[in-house]
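Chain identifiers are assigned alphabetically (A, B, ...) following the order of the sequence lines, protein sequences preceding nucleic acid strands; residue numbering begins at 1 within each chain.
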Protein chains: 2
Amino acid sequence: MNQISEIAPRTTLHEELVGRLRDMIFSGELKGGDRVPEQKLCDMLGISRTPLREALKVLGNEGLLELLPNRGARVATLSEADIDEIFPVMGALEALSGELACARLTDAEFAEIRALHYQMALHHTRGELADYFRVNQQIHECILKAAANPTLEAQYTSLAGRIRLARFRANMTDKRWDQAMREHEEMLCALEARDGKRLSEVLSRHLENKRETVKQAIREGAGEAHGPAVAYD
Amino acid sequence: MNQISEIAPRTTLHEELVGRLRDMIFSGELKGGDRVPEQKLCDMLGISRTPLREALKVLGNEGLLELLPNRGARVATLSEADIDEIFPVMGALEALSGELACARLTDAEFAEIRALHYQMALHHTRGELADYFRVNQQIHECILKAAANPTLEAQYTSLAGRIRLARFRANMTDKRWDQAMREHEEMLCALEARDGKRLSEVLSRHLENKRETVKQAIREGAGEAHGPAVAYD
DNA sequence: TGCTACAAAATTGTATTCAAAAATCAACAC
DNA sequence: GTGTTGATTTTTGAATACAATTTTGTAGCA
């Protein structure tokens with residue numbers, strides 16, 4: 001009986017809406033600074049306000065939305081100061097994920113990361129930035145998954161979500177791109193050697209180098225996001 | 001006008017209820033595994049179900065409550081596996097807070113921490129465990145505040161809240177208590193020297209040593225909490 | 001034209017209601 | 001005594017209604 005209820009997970013409307021609203025934020029449908037018009041959204045989605053308001057509360061608590069009493073919710077914006085605040089925390093979490101991943105990585109998991117790495121290198125060689133980012137995201141996700149720590153994953157993902165508010169078509173300089181690629185080579189070596197300390201250090205450095213790119217993007221276009229969120233590397 | 005709205009912060013019922021429910025959980029009024037009876041709580045607090053449900057969603061997302069679709073909310077419980085999951089993450093965050101604190105600590109802040117340290121040492125000498133914990137908590141909070149990173153603080157506090165679900169009157173062994181005290185001596189030296197790396201290492205080790213105490217407490221009394229949450233050291 | 005005051009409209013926060021799901025209870029069969 | 005079934009009660013999730021607050025529009029005045 002308890003087993004049956006566990007193999008048939010239920011979901012509620014508010015939970016679905018949390019995901020839906022996240023997608024709308026990350027896709028650019030709702031941009032930083034935008035008001036979230038409750039009734040309009042309800043009309044559009046064909047639901048009542050109650051579960052939507054519940055979802056807004058969750059996203060408010062996560063920092064993706066700002067809840068303004070009596071004035072509704074607004075999509076959060078990211079300043080350079082926010083970046084300077086979030087990145088060290090993300091760095092600490094990612095460094096830990098590197099250590100844990102090396103401790104727990106299976107051969108199959110490593111093989112997959114290596115395959116993705118080669119694919120990403122191909123995109124780098126051909127100058128295909130969007131594809132590079134897509135595969136790059138997969139690699140980072142594989143490392144996080146290999147760490148096998150749901151609490152870590154939840155916290156990292158929550159912060160990564162906030163970073164995604166800084167949504168631009170990032171044009172990384174060739175120099176930074178080459179640097180990022182070298183960092184990924186180091187990561188692969190560390191993973192192969194299951195050298196947690198080394199991976200931890202590389203990941204932390206990698207993120208620190210990424211920080212300036214994100215801040216530059218904010219400086220160039222604060223509040224003028226274009227299109228869907230693109231990850232940085 | 002925007003300035004005026006900012007100097008007069010408003011609050012909503014759901015936010016108050018988030019805090020109130022947290023207090024109820026930490027105080028032991030609601031214990032791990034307990035169902036959260038919505039209507040009874042509303043009758044007791046003299047409010048309608050809507051803001052209460054909104055508050056439950058927030059606490060569910062934070063991990064203090066488990067939301068069971070169609071069956072309501074239940075106060076989360078902590079297993080040893082949860083501890084093994086949460087503590088490395090807390091360790092990484094606390095290590096970072098140590099580094100940041102050393103970089104940013106004012107003389108006044110250090111003086112306050114030192115005073116609290118001596119007070120705590122006095123309680124240790126006299127065997128006054130509850131007072132030791134109370135002051136100990138203050139010291140850890142001062143270090144976190146000196147780090148001056150709200151994102152870090154929010155994440156750390158959220159995890160610390162979950163740890164508080166393991167609520168027992170911890171009887172630390174004399175051996176562990178002496179060890180903890182020595183660790184705090186090291187912390188004070190590192191803070192005085194503004195040696196971030198050293199403090200980071202000590203804090204991380206301190207937490208790792210605390211982990212076993214918490215797990216032991218869970219083993220001895222899982223689900224049988226007594227009285228208000230007591231911090232560990 | 002710009003400012004102020006007021007009214008109307010829109011939006012937000014909370015309370016209440018309704019429908020669906022879960023829990024509990026009672027009756028019956030083995 | 002145990003297990004099953006059906007009815008009843010309770011609880012939960014979502015929709016709707018109501019009150020309060022904010023925003024917008026209009027009129028009057030300098």
Side-chain angles (χ1 to χ4, degrees), chain A residues 1-22 24-25 29-31 33-62 64-76, chain B residues 1-22 24-25 29-31 33-62 64-76:
Chain A
M1 73 182 247
N2 210 23
Q3 188 128 356
I4 290 177
S5 73
E6 284 182 21
I7 64 175
R10 322 262 191 126
T11 190
T12 53
L13 203 45
H14 98 270
E15 280 183 32
E16 291 185 31
L17 291 172
V18 167
R20 183 70 189 272
L21 287 164
R22 273 212 194 96
M24 290 171 76
I25 293 169
E29 199 171 337
L30 284 173
K31 295 180 285 293
D34 282 359
R35 301 298 298 271
V36 181
E38 291 181 7
Q39 191 57 58
K40 281 185 189 166
L41 268 186
C42 289
D43 294 341
M44 188 180 98
L45 299 171
I47 54 162
S48 77
R49 284 173 58 227
T50 308
L52 180 79
R53 291 180 58 77
E54 291 173 358
L56 296 182
K57 301 304 187 283
V58 172
L59 293 172
N61 203 50
E62 278 186 17
L64 283 188
L65 298 178
E66 294 175 299
L67 304 183
L68 312 167
N70 284 316
R71 297 165 71 189
R74 175 168 77 183
V75 182
Chain B
M1 67 183 256
N2 210 24
Q3 187 130 354
I4 291 177
S5 74
E6 284 182 19
I7 63 175
R10 309 163 294 128
T11 190
T12 54
L13 203 43
H14 98 270
E15 281 183 33
E16 291 185 30
L17 291 173
V18 167
R20 183 70 189 272
L21 287 164
R22 273 212 194 96
M24 289 169 79
I25 293 170
E29 198 171 339
L30 285 172
K31 294 179 284 295
D34 281 0
R35 300 298 298 271
V36 180
E38 293 181 5
Q39 191 57 59
K40 281 185 189 165
L41 268 186
C42 290
D43 294 342
M44 189 179 97
L45 299 171
I47 55 162
S48 77
R49 282 173 59 224
T50 309
L52 179 79
R53 291 179 57 81
E54 290 174 0
L56 295 182
K57 301 305 188 280
V58 172
L59 293 172
N61 203 50
E62 279 187 16
L64 284 188
L65 296 180
E66 295 177 298
L67 304 183
L68 312 167
N70 284 316
R71 297 165 70 188
R74 178 168 77 184
V75 181

(request) Provide, to the nearest angstrom, the distance between the NE2 atom belonging to B:His14 and the C1' atom belonging to C:dT14. (result) 13 Å
(request) Could you check how far CG of A:Leu65 sits from P of C:dT12, rounded to whole Å? (result) 12 Å
(request) Taking heavy atoms of chain B and a 4.0 Å limit, find me the 5'-most and 3'-most nucleotide of DNA chain D within that range. (result) D:dT12 to D:dT22
(message) Can you tell me if B:Ser48 touches the phosphate of C:dA15, counting only side-chain N or O atoms and a distance under 4.0 Å to OP1 or OP2?
(response) yes
(request) Provide, to the nearest angstrom, the distance between the CG atom belonging to A:Leu52 and the P atom belonging to C:dG13. (result) 12 Å
(request) Can you tell me the distance, in whole Å, between the CG atom of B:Leu17 and the C1' atom of C:dA15? (result) 14 Å
(request) Would you check if B:Lys57 and A:Glu54 make a side-chain contact, meaning some heavy-atom pair closer than 4.5 Å? (result) yes
(request) Quick one: pull up CG in A:Leu21 and CD in A:Glu29 and give me the separation to the nearest 0.5 Å. (result) 9.5 Å
(message) If I compare all heavy atoms of B:Leu67 with all of B:Ala73, which pair ends up nearest, and what's the gap?
(response) CD2-CB, 3.8 Å
(message) What is the distance, to the nearest angstrom, from the CD1 atom on B:Ile47 to the C1' atom on C:dT16?
(response) 14 Å
(message) I need the CD-P distance between A:Glu38 and C:dG13, as an integer number of Å.
(response) 6 Å
(request) Tell me whether the OP1 or OP2 atom of C:dG13 has a side-chain N or O from A:Arg53 closer than 4.0 Å. (result) yes
(request) Check A:Thr11, A:Thr12, A:Leu13 against B:Pro69 for a side chain to side chain contact (heavy atoms under 4.5 Å, CB included) and give me the one that passes. (result) A:Thr12
(request) Find the distance B:Gln39:CD to C:dT17:P and express it as a whole number of Å. (result) 12 Å
(request) Could you tell me whether B:Leu68 contacts a base, only the sugar-phosphate backbone, or nothing, with contacts defined as non-hydrogen atoms closer than 4.0 Å? (result) sugar-phosphate
(request) Sort out for me which residue in A:Leu45, A:Leu17, A:Val18, A:Leu56 forms a side chain to side chain contact (heavy atoms under 4.5 Å, CB included) with A:Pro51. (result) A:Leu17
(message) Within the 4.5 Å heavy-atom criterion, are B:Val75 and B:Lys31 side-chain neighbours or not?
(response) no
(request) Would you kindly give the CG-to-C1' distance between B:Leu45 and C:dT14, to the nearest whole Å? (result) 15 Å
(request) With the side chain counted from C-beta on, respond yes when B:His14 and A:Arg53 share a heavy-atom pair under 4.5 Å apart, and no when they do not. (result) no
(request) Give A:Thr12 one of three labels, base, sugar-phosphate or nothing, depending on what nucleic acid heavy atoms sit under 4.0 Å from its own. (result) sugar-phosphate
